[in-house]
Amino acid sequence: MKQPLIVQKYGGTSVGSIDRISKVAERIITAKNEGKQLVVVVSAMSGETNRLLGLAKQIDNVPDARELDVLLSAGEQISMALLAITLNKMGYPARSLTGTQANIVTDNQHNDAVIKHIDVSPITELLLQDQIVIVAGFQGMTEKGDITTLGRGGSDTSAVALAGALQADECQIFTDVDGVYTCDPRVVKNAKKLTVIDFPSMARMAKYGAKVLHLPSVLCAWENQVPLRVLSTFDANTGSLVKGDKCLLPLCGLALQRDMCLIKIAVEALPTVKKQCGMIGIEIWDVIEHPDWVGIVVKQDAYSKLELVLQGRVANSHPVSLLTAVGAKAEELAKSSCQLLIDNEIMTIHQKLDNQSFTIALFPDCVDSAANILHHAYITLSEAHDCLQKDAFLN
Ligand code: ASP
Ligand code: MG
């Protein structure tokens, strides 16, 4: 009988110490003893990528992109080796592979590369030898053999891409939260865990700031129809399953994006600014057109890059936060949501409708209350929510 093939991914907190690495090894061994073939993707130990980045920034605030990838990829290389050493010591043969050794080929976009294809033969060969295969997340190589990284949080994407290429039965993302919630539980105390969530809704949540999964990983799983499960490393439960193409809930979740910046520019400067952003790879999230000014919304960390380019054309800039509601009825609920916020004396700067979602730009200090108000009205009080989640669970 064919053994099921599972790709598991463990994040930085899960491999954050030797003690935690041995807990991870135990989980892997349990799955192995159940007769599964295992490919395990690891992140760098928690804090390690930031530490390495900090070292480079002590030298140059915008470090050479190729060399930064060489540096940052080392973080994952440490954790993969420590995990393989642990498993071998526990009597379970394991082999670690860097992105290059695993033949993960990306484009040439250093620091933010996209996986183009994976030749899985080195991995399948090891699986045939009954080895547990550990792969460094977040990294690959260009056609020429230069090391690349996939953007912050990119290990999820490595795991899903490997699961797709290997035609795995499931891709399990182990993390420090036990699933996908209707909103960040640190902000909304009674946020609910979603038993299942469809791919398009999960993609919108990730795009608009839900940190639980990296957006490209969701898109890649969706494209390859790889069932994706988010679960906790530290306690046993079934987590949340991401699958299916259709959202059935009126509102399934709220996502928060805090680190944004609204830059006001002169109306006539807009076309040039758009072009320049495109040239230096800065994504404009939104353009706000008021009668007397134009604002562009970008990530705060893009702002320093942009400042150099814009030189003097910025009228003023200030931090904003975005609150995005996702669900089948989101567009219909946008107007009443804004009214509800106004009734609660929360000032909104701007709102934007998209396919099955709406986004409200707010001053950073009121985004948490806004999230609580909308969550209470459209999720906590929604019976549809509970019924559909129960159905999903029973199916
Ligand atoms: N270590 C990388 C980061 O901190 C990649 C990851 O953890 O997924 O962003
Ligand atoms: Mg992550």
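Remember, predicted model here, so these are calculated numbers, not experimental data. Whatever order the structure lists ligands and atoms in, that order sets their numbers, starting from 1.
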J.: Strictly below 4.0 Å, N to O, side chains only: are E170 and R229 in salt-bridge contact?
T.: yes
J.: Please determine if K9 and D156 form a salt bridge, counting it only when a charged side-chain N lies under 4.0 Å from a carboxylate O.
T.: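 Looking at K9 and D156, the cut-off is met.
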J.: Would you find a donor on one side and an acceptor on the other, under 3.5 Å apart, between the side chain of Q139 and the backbone of T148?
T.: no
J.: Just jot down the ligand 1 atoms closer than 4.0 angstrom to any heavy atom of S43, in number order.
T.: 6 (C), 7 (O), 8 (O)
J.: Should R152 and N50 be marked as a side-chain hydrogen bond (donor to acceptor under 3.5 Å, both in side chains) after you check the CA-CA gap, both sets of side-chain angles, and the distance that decides it?
T.: CA-CA 10 Å; R152 297 308 302 269; N50 284 340; 3.0 Å; yes
J.: Which of the numbered atoms in ligand 1 are under 4.0 angstrom from any heavy atom belonging to G153?
T.: 3 (C), 5 (C), 6 (C), 8 (O), 9 (O)
J.: State which residue, out of R186, R258, K189, fulfils the salt bridge (charged side-chain N to carboxylate O under 4.0 Å, His left out) condition with D368.
T.: R258
J.: Taking a cutoff of less than 4.0 Å between a non-hydrogen atom of the residue and any ligand atom, is G11 in contact with ligand 1?
T.: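 So G11 does not count as touching ligand 1.
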J.: Below 4.0 Å, non-hydrogen atoms only: which portion of H214 touches ligand 1? Side chain, backbone, both or neither.
T.: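 Contact part for H214 vs ligand 1: neither.
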J.: Hey, looking at atom 9 (O) of ligand 1, which of R152, E48, Q139, M45 has the closest heavy atom?
T.: R152
J.: Would you say E76 and ligand 1 have an N/O pair spaced under 3.5 Å apart?
T.: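 The answer is yes, given that E76 and ligand 1 share an N or O pair closer than 3.5 Å.
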